[in-house]
Engineer: 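Attaching a single structure in C-alpha cells format; questions to follow.
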Amino acid sequence: MNRLKTLTLAVAATALAASTLTAQARDFRLGLITPPQHMWSTEAEAFADSLHERSDGEHSVSVFPAQQLGNEAQMVQQLQTGALDMAFLTIAEISNRIPDFGALYAPYLVDGVDHAARLLRSDTAAELLELMPAEVGLVGVGYGMVGMRQVLSRDPIESMDDMRGQRLRITPFEPIRDFYTATGAAPAPMPLLEVYDALANGQVDAIDMDFDSILILKFYEQANNLLISNHMMFPMVGVVSGRVWRELSAEDRELIETTMAEHLENVLTGFQEMDAAQEEEIRGLDLNIVEADAEFFSEAIVEWEATWAEKAPMLEALREEAERLRQ
C-alpha cells in the first residue's frame with residue numbers, strides 16, 4: 001500500500017514538473033518601428049531564432065516591425081503594462097521620459113559611427129541603462145544604433161541661415177527638436193514610414209536622417225540636396241518589460257539577456273561595417289552635397305548646450321568618456 005502511494009506521488013510530481021515546464025514556455029512579442037528590411041528588424045528576427053534554438057524550442061519570439069503595434073510612445077506604454085514583452089526602441093522615446101538619455105544626442109559628441117559604437121559599449125553608457133527599471137519600468141539590455149545624422153532637403157542648404165523656416169522632419173523627441181529649433185528650422189515630428197510621401201507632396205522641406213534609411217527607403221528620389229554633417233549619433237536600446245522580467249526565472253533572464261545582447265552587438269558592428277560603403281553609394285547618386293562640421297552649427301550648439309547641460313547631468317560624464325575614447 002505504501003509502495004502504491006509512493007508511486008502515485010512520484011507520478012503526480014512528474015506530471016506537475018511537466019506542467020510547470022509547459023507553463024514557463026512563452027511566445028514573447030517584440031515590437032519596433034523600422035521596416036522589415038532594416039537591420040534592426042532583421043536582427044530582431046535573428047534574435048527570435050537564437051532564443052528559440054537556445055531554449056530548446058521552449059520559448060519563441062514574434063517580431064512586429066514597421067509600427068505594427070503602434071508608435072514608440074504606445075509601445076512603451078504596452079511594455080509598462082506587460083502587454084508587450086520586448087522592443088528595440090530609439091533612445092529618442094526613452095529620453096522623453098529620462099532626460100539623462102538626451103545627453104547621447106549632444107551635437108558632435110562623437111566623430112562618427114566607430115566612435116559612437118565605442119561610447120555605447122562603455123561603462124558610462126551602461127550607467128544610463130541602470131536608470132530604466134525605476135524610471136520607466138523597463139529593463140535595458142544593451143545598445144544598438146543607426147548611422148550618423150545628416151540633413152536631406154528639397155532645396156540646397158549651404159549655411160545655417162538656409163535652414164531658417166524650413167519645415168524639417170524629426171523623430172519626436174526633445175533633444176533633436178531643441179537642436180533644430182536653435183538652427184532656425186521648424187521641426188516637424190513624423191513617423192519614419194510617412195516621410196517619403198511627406199517629401200513628395202511638400203509637407204516637409206527637409207529631413208533629419210541617416211545614410212541607411214536614405215538608401216533603403218529611397219528618400220533621395222524626392223530630395224536631391226544632402227548636408228553631410230554627422231552631427232549626432234542615433235542610438236537604439238533593446239528592452240524587456242519590467243513586469244515580464246519579474247515573472248522570468250533567473251535562467252531565462254540570463255538566456256534572454258545574453259542572446260539579445262549578442263544581436264544588439266551585431267547591430268553596432270553592422271553599421272560600423274556598412275557606413276563607409278553607404279557613404280560612397282550616397283556620394284555616387286545625383287545629389288548636391290555640402291559638407292558641414294561643428295563650426296557650421298556653432299550658434300545652435302551653444303544654445304543646445306545651455307539647455308541640456310542642466311537637464312541631463314550625465315552629459316559631462318559622457319563627454320569625458322567620449323574624449324577618452326577619441327584618443
Engineer: Answer whether the closest heavy-atom distance between the side chains of T269 and E265 falls below 4.5 Å.
Structural biologist: yes
Engineer: Check the hydrophobic clustering (I, L, V, M, F, W, Y; side-chain heavy atoms under 4.5 Å; chains of links allowed) and say if V110 and F234 are grouped together.
Structural biologist: yes
Engineer: Set out, in order, the CA-CA distance, both residues' side-chain angles and the distance that settles ring pair (Phe, Tyr, Trp, His ring centres under 6.0 Å) for F179 and Y105, then state yes or no.
Structural biologist: CA-CA 9 Å; F179 174 74; Y105 296 102; over 10 Å; no
Engineer: Parallel, tilted or perpendicular for H231 and Y180, by the 30°/60° rule?
Structural biologist: perpendicular
Engineer: If you take all heavy atoms of P187 and I170, which pair is closest and at what distance?
Structural biologist: CB-CD1, 3.7 Å
Engineer: Identify whether the distance between the nearest side-chain nitrogen and carboxylate oxygen of D208 and R149 falls below 4.0 Å.
Structural biologist: yes
Engineer: Less than 4.0 Å between a side-chain N and a carboxylate O, is that true for R54 and E262?
Structural biologist: yes
Engineer: Could you tell me whether the side chain of P35 reaches within less than 4.5 Å of the side chain of L192, counting heavy atoms only?
Structural biologist: yes
Engineer: Does the pair E247/R243 count as a salt bridge with the N-to-O cut at 4.0 Å?
Structural biologist: no
Engineer: Compare every heavy atom of A87 with every heavy atom of L79, then report the nearest pair and how far apart it is.
Structural biologist: CD1-CB, 3.9 Å
Engineer: Quick check: closest heavy atoms across K218 and Y196, and the distance to 0.1 Å?
Structural biologist: O-CE1, 3.2 Å
Engineer: Can you see which heavy atom on V113 is nearest to which on M145, and at what distance?
Structural biologist: O-CE, 3.5 Å
Engineer: For E291, is the CD atom crowded, meaning more than 12 foreign heavy atoms sit under 6.0 Å from it?
Structural biologist: yes
Engineer: How about E72 and T90: does a side-chain donor come under 3.5 Å of a side-chain acceptor?
Structural biologist: yes
Engineer: Are any of the side-chain nitrogens in E320 or R324 under 4.0 Å away from the carboxylate oxygens of its partner?
Structural biologist: no
Engineer: Minimum heavy-atom separation for L109 to A103, with atom names?
Structural biologist: CD2-O, 3.6 Å
Engineer: Quick one: does V239's side chain get under 4.5 Å of V141's, heavy atoms only?
Structural biologist: no
Engineer: Among M260, M132, E257, find the residue that satisfies the side-chain contact (heavy atoms from CB on, under 4.5 Å) test when tested with V240.
Structural biologist: M260
Engineer: Salt bridge check: are K311 and D100 linked by an N-O gap of less than 4.0 Å?
Structural biologist: no
Engineer: Could you check whether atom CD of E280 has more than 12 heavy atoms from other residues, nucleotides or ligands sitting under 6.0 Å from it?
Structural biologist: no
Engineer: What I'd like to find out is whether the side chain of V136 reaches to under 4.5 Å of the side chain of I98, using heavy atoms alone.
Structural biologist: yes
Engineer: Does the salt bridge (Lys or Arg N to Asp or Glu O under 4.0 Å) test come out yes or no for R26 and D85, once each step is laid out?
Structural biologist: CA-CA 10 Å; R26 300 187 60 149; D85 303 292; 3.5 Å; yes
Engineer: Report, as yes or no, whether the 6.0 Å neighbourhood of atom CD on E316 holds more than 12 heavy atoms from other residues, nucleotides or ligands.
Structural biologist: no
Engineer: Does the side chain of R154 reach to within under 4.5 Å of the side chain of N225, using non-hydrogen atoms?
Structural biologist: no
Engineer: Would you say D212 and Q278 are linked by a side-chain donor-acceptor pair, where the criterion is simply a distance under 3.5 Å?
Structural biologist: yes
Engineer: I'd like to know whether CD of E53 has more than 12 heavy-atom contacts from other residues, nucleotides or ligands below 6.0 angstrom.
Structural biologist: no
Engineer: Yes or no on side chain to side chain contact (heavy atoms under 4.5 Å, CB included) for L226 and V290, after CA distance, side-chain angles and deciding distance?
Structural biologist: CA-CA 6 Å; L226 180 63; V290 173; over 6 Å; no
Engineer: Is the closest side-chain donor-acceptor distance between S41 and T34 under 3.5 Å?
Structural biologist: yes
Engineer: Please work out whether the ring planes of H38 and W40 are parallel, tilted or perpendicular, with thresholds of 30° and 60°.
Structural biologist: perpendicular
Engineer: Tell me, do I94 and L89 make a side-chain contact under 4.5 Å, heavy atoms counted?
Structural biologist: yes
Engineer: Any heavy-atom pair between the side chains of M314 and L104 that's under 4.5 Å?
Structural biologist: no
Engineer: Going by distance alone, is a donor N or O of one side chain under 3.5 Å from an acceptor N or O of the other, for D27 and S60?
Structural biologist: yes
Engineer: With a sphere of 6.0 Å drawn around CD of E299, does it hold more than 12 non-hydrogen atoms of other residues, nucleotides or ligands?
Structural biologist: no
Engineer: Would one find more than 12 heavy atoms of other residues, nucleotides or ligands at under 6.0 Å from atom CD of E254?
Structural biologist: no
Engineer: Roughly how far, to the nearest 0.5 Å, is the CG atom of L193 from the CD atom of Q67?
Structural biologist: 5.5 Å
Engineer: Check whether any side-chain heavy atom of F47 sits under 4.5 Å from a side-chain heavy atom of M86, and report yes or no.
Structural biologist: yes
Engineer: Regarding D210 and Q150, do their side chains bring together a donor and an acceptor under 3.5 Å, going by distance alone?
Structural biologist: no
Engineer: Taking atom CG of N201 as the centre, report whether more than 12 heavy atoms of other residues, nucleotides or ligands fall under 6.0 Å from it.
Structural biologist: yes
Engineer: Heavy atoms only: give me the nearest L152-Y220 pair and the separation to one decimal.
Structural biologist: CD2-N, 3.9 Å
Engineer: Looking at Y143, is R121 sitting on its ring face, NZ or CZ under 6.0 Å from the six-membered ring centre and within 45 degrees of the normal?
Structural biologist: no
Engineer: Salt bridge between R169 and E194, side-chain N to carboxylate O under 4.0 Å?
Structural biologist: no
Engineer: Can you list the steps and then say if F64 with L30 is a side chain to side chain contact (heavy atoms under 4.5 Å, CB included)?
Structural biologist: CA-CA 6 Å; F64 297 87; L30 188 155; over 6 Å; no
Engineer: Any chain of hydrophobic side-chain contacts (each under 4.5 Å) joining I301 to I228?
Structural biologist: no
